[in-house]
A.B. asks: 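If you scroll down you'll find the structure; I have some questions about it.
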Amino acid sequence: MKIITIEEHVNNREITAASWKYLLQMTPYISDSHSPGLAYYTTNTDGNVEEKWLASMDAEKIDMQVLSYTAATQLIPAPEAISIAKAANNEMAERVRKYPDRFAAFATLPWADPKASADELERTVKELNFKGVLLSGRPAADATFLHNAKFEPVLEMANFLQVPIYMHPGFPARIVQAVYYSGLDPVVSARLSAFGWGWHAEVGVHILRMILSGVFVKYPNLQLIAGHWGEMVPFFLARLDEALSKEATHLPKTISETFINHVYVTPSGMFTESGRKNFEPGYCQFW
């Protein structure tokens with residue numbers, strides 16, 4: 001059996017430099033000087049990873065990794081974002097070109113310009129052989145979700161190319177962080193709002209909003225990937241079907257049916273025995 005891991009992140013200095021000041025506005029738990037609560041988030045690998053990763057892959061018997069950037073390209077204003085995203089994708093393509101049997105890639109897009117994002121997705125898939133796109137959080141600096149009409153060019157292109165969108169976690173809206181996660185020890189609040197809980201719930205809400213907005217009726221070939229065992233959604237599918245029936249949603253399929261047909265689920269490093277026992281694999285596709 002071939003083992004392919006698909007949540008393998010690399011930093012890009014240009015994306016980080018261009019988005020950092022906007023990222024500081026998204027959460028009170030990152031600062032220019034010290035961010036102990038989010039050290040986990042801010043210490044991804046940078047630079048040349050090939051030799052180190054290949055050795056690690058061989059040791060763990062991993063055949064291929066699908067590489068991606070999680071830096072927040074959606075926070076960068078459109079003119080700058082277009083050139084930065086294109087250069088970053090070309091850099092990633094060069095890494096893949098050197099080891100085509102071991103590495104593949106997801107694109108990063110200049111989300112501030114949806115039409116340019118659709119064009120870049122088409123370029124990276126057709127010319128660079130990328131396998132899809134990774135979105136880190138919401139696709140805009142505000143609280144806009146991917147089902148917003150302005151992002152239809154990207155959804156239409158992904159539907160046409162039949163490549164997935166990896167719905168990777170990002171910070172909840174600033175007001176959500178303040179109401180739900182503040183008032184604790186700063187390190188606890190930071191981690192609870194992010195990789196401890198908050199950004200997983202955020203992706204789950206994002207996916208449910210896409211289902212309930214009718215996106216998958218309009219784009220029947222659109223596929224998503226949800227990490228961390230489906231970002232909480234699989235555990236609530238029966239409840240969701242009961243609370244949001246077809247009579248309530250006016251959609252042709254139940255939430256469960258849509259999720260099963262359009263969302264792939266991966267563990268994203270959550271390999272504990274308790275995590276496996278608590279999961280119902282019959283509910284989901286596996287990427």
Side-chain angles (χ1 to χ4, degrees), residues 1-16 44-74 84-111 117-137 139 146 154-155 157-170 203 221-231 262-271 284-287:
M1 179 178 68
K2 193 171 187 178
I3 297 177
I4 302 173
T5 58
I6 67 169
E7 191 171 321
E8 309 294 341
H9 304 320
V10 186
N11 272 351
N12 177 275
R13 288 186 175 89
E14 286 70 30
I15 296 175
T16 300
N44 287 341
T45 303
D46 200 358
N48 295 321
V49 300
E50 292 92 341
E51 292 185 6
K52 178 180 178 181
W53 282 25
L54 288 170
S56 176
M57 289 165 66
D58 290 340
E60 300 298 329
K61 301 187 185 331
I62 295 170
D63 297 290
M64 176 174 281
Q65 291 184 336
V66 184
L67 305 177
S68 56
Y69 300 117
T70 57
T73 52
Q74 72 268 34
I84 288 177
K86 185 172 183 178
N89 287 326
N90 288 343
E91 176 186 295
M92 187 73 84
E94 180 61 22
R95 179 173 285 126
V96 172
R97 186 193 65 78
K98 290 191 290 186
Y99 302 97
D101 296 329
R102 306 303 303 274
F103 293 137
F106 289 130
T108 191
L109 301 180
W111 293 95
S117 293
D119 292 342
E120 181 63 3
L121 178 57
E122 182 176 33
R123 183 186 79 91
T124 56
V125 171
K126 290 185 175 180
E127 298 180 17
L128 306 182
N129 197 32
F130 281 17
K131 305 306 178 184
V133 55
L134 184 140
L135 170 61
S136 189
L146 191 51
V154 184
L155 298 180
M157 183 59 68
N159 181 75
F160 171 73
L161 296 170
Q162 298 189 41
V163 295
I165 301 174
Y166 198 124
M167 305 292 284
H168 189 275
V203 179
N221 295 319
L222 183 63
Q223 298 284 306
L224 307 180
I225 302 173
H228 310 101
W229 295 118
E231 308 293 8
H262 293 275
V263 183
Y264 291 93
V265 167
T266 81
S268 302
M270 294 172 61
F271 297 132
C284 307
Q285 313 177 79
F286 286 87
W287 182 266

A.B. asks: Tell me, do Lys131 and Val96 make a side-chain contact under 4.5 Å, heavy atoms counted?
C.D. replies: no
A.B. asks: Can you tell me how far apart OH (Tyr166) and CD (Glu7) are? Round to the nearest 0.5 Å.
C.D. replies: 3.5 Å
A.B. asks: Distance-only, no hydrogens or angles: does the Gln74 side chain make a donor-acceptor pair with backbone N or O of Ser136 under 3.5 Å?
C.D. replies: yes
A.B. asks: Could you grab the distance from atom OH of Tyr264 to atom CE of Met167, nearest 0.5 Å is fine?
C.D. replies: 16.0 Å
A.B. asks: Report yes or no: does Arg95 contribute a side-chain atom to a donor-acceptor pair with the main-chain N or O of Ala105 at less than 3.5 Å?
C.D. replies: no
A.B. asks: With side chain to side chain contact (heavy atoms under 4.5 Å, CB included) as the criterion, how do His228 and Met270 come out once you've worked through the C-alpha distance, each side chain's angles and the decisive distance to 0.1 Å?
C.D. replies: CA-CA 6 Å; His228 310 101; Met270 294 172 61; 3.4 Å; yes
A.B. asks: Can any side-chain N or O of Asn89 pair as donor or acceptor with the backbone N or O of Ala85 at less than 3.5 Å?
C.D. replies: yes
A.B. asks: When you look at CD of Glu94, are more than 12 heavy atoms from neighbouring residues, nucleotides or ligands closer to it than 6.0 Å?
C.D. replies: yes
A.B. asks: Taking the basic N atoms (NZ, or NE/NH1/NH2) and the acidic carboxylate oxygens, is any pair closer than 4.0 Å for Asp119 and Lys86?
C.D. replies: no
A.B. asks: I'd like to know if the side chain of Thr70 pairs up with that of His9 as donor and acceptor (distance under 3.5 Å, no hydrogens or angles considered).
C.D. replies: no
A.B. asks: Can you tell me how far apart CZ (Phe130) and CD (Glu122) are? Round to the nearest 0.5 Å.
C.D. replies: 14.5 Å
A.B. asks: Please check: side-chain N/O of Tyr69 versus main-chain N/O of Ala88, any donor-acceptor pairing under 3.5 Å?
C.D. replies: yes
A.B. asks: Should Glu8 and Thr5 be marked as a side chain to side chain contact (heavy atoms under 4.5 Å, CB included) after you check the CA-CA gap, both sets of side-chain angles, and the distance that decides it?
C.D. replies: CA-CA 7 Å; Glu8 309 294 341; Thr5 58; 2.8 Å; yes
A.B. asks: Whether the side chain of His262 engages the backbone of Leu222 through a donor-acceptor N/O pair (distance < 3.5 Å, no angle test) should be reported.
C.D. replies: yes
A.B. asks: For the pair Ser56 (side chain) and Lys52 (backbone), establish whether a donor and an acceptor sit closer than 3.5 Å, ignoring hydrogens and angles.
C.D. replies: no
A.B. asks: Hey, are the side chains of Phe106 and Val163 touching, using non-hydrogen atoms and a 4.5 Å cut-off?
C.D. replies: no
A.B. asks: Step through the shown structure and confirm whether more than 12 heavy atoms of other residues, nucleotides or ligands are within 6.0 Å of OH on Tyr99.
C.D. replies: yes
A.B. asks: Can you tell if the side chain of Arg102 reaches within under 4.5 Å of the side chain of Asp63, non-hydrogen atoms only?
C.D. replies: no
A.B. asks: Calculate, to the nearest 0.5 Å, the distance between atoms CD1 and CD belonging to Ile4 and Gln65 respectively.
C.D. replies: 11.0 Å
A.B. asks: Under the criterion side chain to side chain contact (heavy atoms under 4.5 Å, CB included), I'd like the reasoning laid out for Glu127 against Asn90: C-alpha separation, chi angles, the key distance, then a yes or no.
C.D. replies: CA-CA 10 Å; Glu127 298 180 17; Asn90 288 343; over 6 Å; no
A.B. asks: Is a side-chain donor or acceptor of Asn221 paired with a backbone partner of Gln162 at a separation under 3.5 angstrom?
C.D. replies: no
A.B. asks: What distance separates Leu135 CG from Thr73 OG1, expressed to the nearest 0.5 Å?
C.D. replies: 8.0 Å
A.B. asks: Would you call Phe103 and Met64 a side-chain contact if the rule is heavy atoms closer than 4.5 Å?
C.D. replies: no
A.B. asks: Would you indicate whether the side-chain heavy atoms of Thr266 and Ile225 approach each other to under 4.5 Å?
C.D. replies: yes
A.B. asks: Can you tell me how far the CE atom of Met157 sits from the CG atom of Leu155, to the nearest 0.5 Å?
C.D. replies: 11.5 Å
A.B. asks: Short question: side chain of Ser117, backbone of Pro110 - any donor-acceptor pair under 3.5 Å?
C.D. replies: yes
A.B. asks: Under the side chain to side chain contact (heavy atoms under 4.5 Å, CB included) rule, what do Leu134 and Thr108 come out as? Steps first, then yes or no, please.
C.D. replies: CA-CA 6 Å; Leu134 184 140; Thr108 191; over 6 Å; no
